[in-house]
Number of protein chains: 2
Amino acid sequence: MRTGSCCTSLQSAPLGEDRATELAAVFKALGDPVRLRLLSMIAAAEAGVGVCVCELTPAFDLSQPTISHHLKLLRQAGLVDSERRGTWVYYWLVPETTDKLTALLSRPASEWARQHEEVASS
Amino acid sequence: MRTGSCCTSLQSAPLGEDRATELAAVFKALGDPVRLRLLSMIAAAEAGVGVCVCELTPAFDLSQPTISHHLKLLRQAGLVDSERRGTWVYYWLVPETTDKLTALLSRPASEWARQHEEVASS
DNA sequence: TGTCAATATAGAGGTATGTCGAAACAGGAG
DNA sequence: CTCCTGTTTCGACATACCTCTATATTGACA
């Protein structure tokens with residue numbers, strides 16, 4: 001059984017400096033409760049439709065510029081993208097980015113099974 | 001086809017404040033290139049064996065206390081655990097924690113397929 | 001017991017981050 | 001054209017974070 005795709009999965013590689021920096025930037029964007037909630041609200045929308053900022057802002061006890069700032073960080077991290085439609089701005093998920101993280105964090109099935117053996121026998 | 005486990009997946013929930021805070025803390029721990037590399041080195045070891053700190057420290061151009069500090073943060077985030085064996089301290093991965101993140105970031109297969117349709121048709 | 005090697009903790013300094021209010025920008029409506 | 005609403009940008013402040021040096025702790029060994 002293969003261990004996964006070409007260039008990912010945590011334990012298959014020592015994870016070079018450059019790639020680590022790149023991935024850490026994305027994780028850093030997720031490392032804030034407000035941004036995580038924003039992302040979940042955006043991800044919960046129909047794919048490709050997008051969520052209006054005017055729906056996101058009132059869900060928090062934060063000023064509107066603060067929400068805008070967090071959305072900007074999510075966009076810079078490549079986790080979401082946005083577009084202006086008339087008066088409002090809509091945000092939607094970029095699943096390719098979350099997929100990269102999933103690929104990194106997921107263990108190959110063989111490793112996963114082995115780990116469960118180890119845990120069970122301890 | 002089921003959509004996954006009981007309480008996770010980004011788009012299925014608005015992701016309550018408490019859970020967001022909890023998960024954000026783990027992502028924050030991953031939001032540093034040094035810690036990501038440390039985690040990958042630890043994860044690359046045989047499951048249950050653990051990696052000696054004495055192997056991790058020389059891989060970086062950082063002082064020994066700095067590496068120790070990062071390892072502490074990884075441990076506090078629940079990503080790794082450690083144990084002293086004689087003179088040395090060994091760290092190993094806690095796969096349950098990375099699994100939680102994977103579950104959060106992974107979309108249910110049905111959503112995933114729908115997203116690919118959307119992308120393909122745009 | 002005393003010494004040495006491996007890690008961890010404490011404290012400090014510089015930088016980044018989260019938040020705000022004020023102001024700028026963009027579109028729609030009168 | 002002018003006003004109004006939704007959104008972003010700017011400047012500032014408090015706090016958190018990364019890194020260091022110095023020191024403490026832990027265990028092995030003579």
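Proteins come first, then strands; the chains are lettered A, B, ... in the order of their sequence lines, and each starts at number 1.
For the pair K72(A) and R84(A), nearest-nucleotide mapping onto DNA chain D gives the more 5' position to R84(A). Position along DNA chain C of the nearest nucleotide to G31(A) versus T87(A) favours G31(A) as the more 5'-ward residue.
Using a 4.5 Å cut-off on side-chain heavy atoms (C-beta onward), D81(A) and W92(A) make contact.
Protein atom NZ of K28(B) is 15 Å distant from nucleotide atom P of dT15(D), rounded to whole Å. Taking atom CG of D61(B) as the reference point, atom C1' of dC18(D) lies 15 Å away to the nearest angstrom. Whole-Å rounding puts the H69(B) NE2 to dT21(D) P distance at 15 Å. With rounding to whole Å, L38(B) atom CG is found 13 Å from dT7(C) atom P. Atoms CD (Q76(B)) and C1' (dT9(C)) sit 12 Å apart, rounded to a whole Å. Between the P atom of dT8(D) and the CH2 atom of W88(A) lies a distance of 14 Å, rounded to the nearest Å. Remark: C1' of dC18(D) and CG of L74(B) are 14 Å apart, rounded to the nearest angstrom. Computed from coordinates, the I67(A) CD1 to dG6(D) P distance equals 16 Å when rounded to whole Å.
Taken to the nearest 0.5 Å, the CG atom of L15(A) stands 6.0 Å off from the CG atom of L104(A). Between the CD atom of E22(A) and the CG atom of D18(A) there is a distance of 8.5 Å, given to the nearest 0.5 Å.
Here R19(A) does not pair with E17(A) in a salt bridge; the nearest charged N to carboxylate O distance is not below 4.0 Å.
Among dT19(C), dT9(C), dG28(C), the nucleotide with an atom closest to any side-chain atom of P65(B) is dT9(C). Looking at the side chain of S68(A), the nearest of the listed nucleotides dA28(D), dT9(D), dG18(C) is dT9(D).
If you check every strand for non-hydrogen atoms under 4.0 Å, L62(A) touches sugar and phosphate atoms only. Contact annotation for L73(A): backbone-only contact, meaning every heavy-atom pair under 4.0 Å involves sugar-phosphate atoms and none involves a base. Counting any heavy atom pair closer than 4.0 Å across all strands shown, Y91(A) reaches sugar-phosphate atoms only and no base atom. Among the atoms of the strands shown, only primed sugar atoms or phosphate atoms (P, OP1, OP2) are found under 4.0 Å from some heavy atom of R35(A).
Of the side-chain N and O atoms in S63(A), one or more sit less than 4.0 angstrom from OP1 or OP2 of dC20(C). Put simply, T66(B) has no side-chain N or O that comes within less than 4.0 Å of OP1 or OP2 on dC18(D). OP1 or OP2 of dT19(C) has at least one side-chain nitrogen or oxygen of H70(A) nearer than 4.0 Å.
If you check distances only, the side chain of Q64(B) never reaches the base of dA6(C) with a donor-acceptor pair under 3.5 Å.
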Take M41(A) and F60(A) through the test side-chain contact (heavy atoms from CB on, under 4.5 Å) and record every step on the way to the result. CA-CA 12 Å; M41(A) 294 172 75; F60(A) 299 85; 4.0 Å; yes
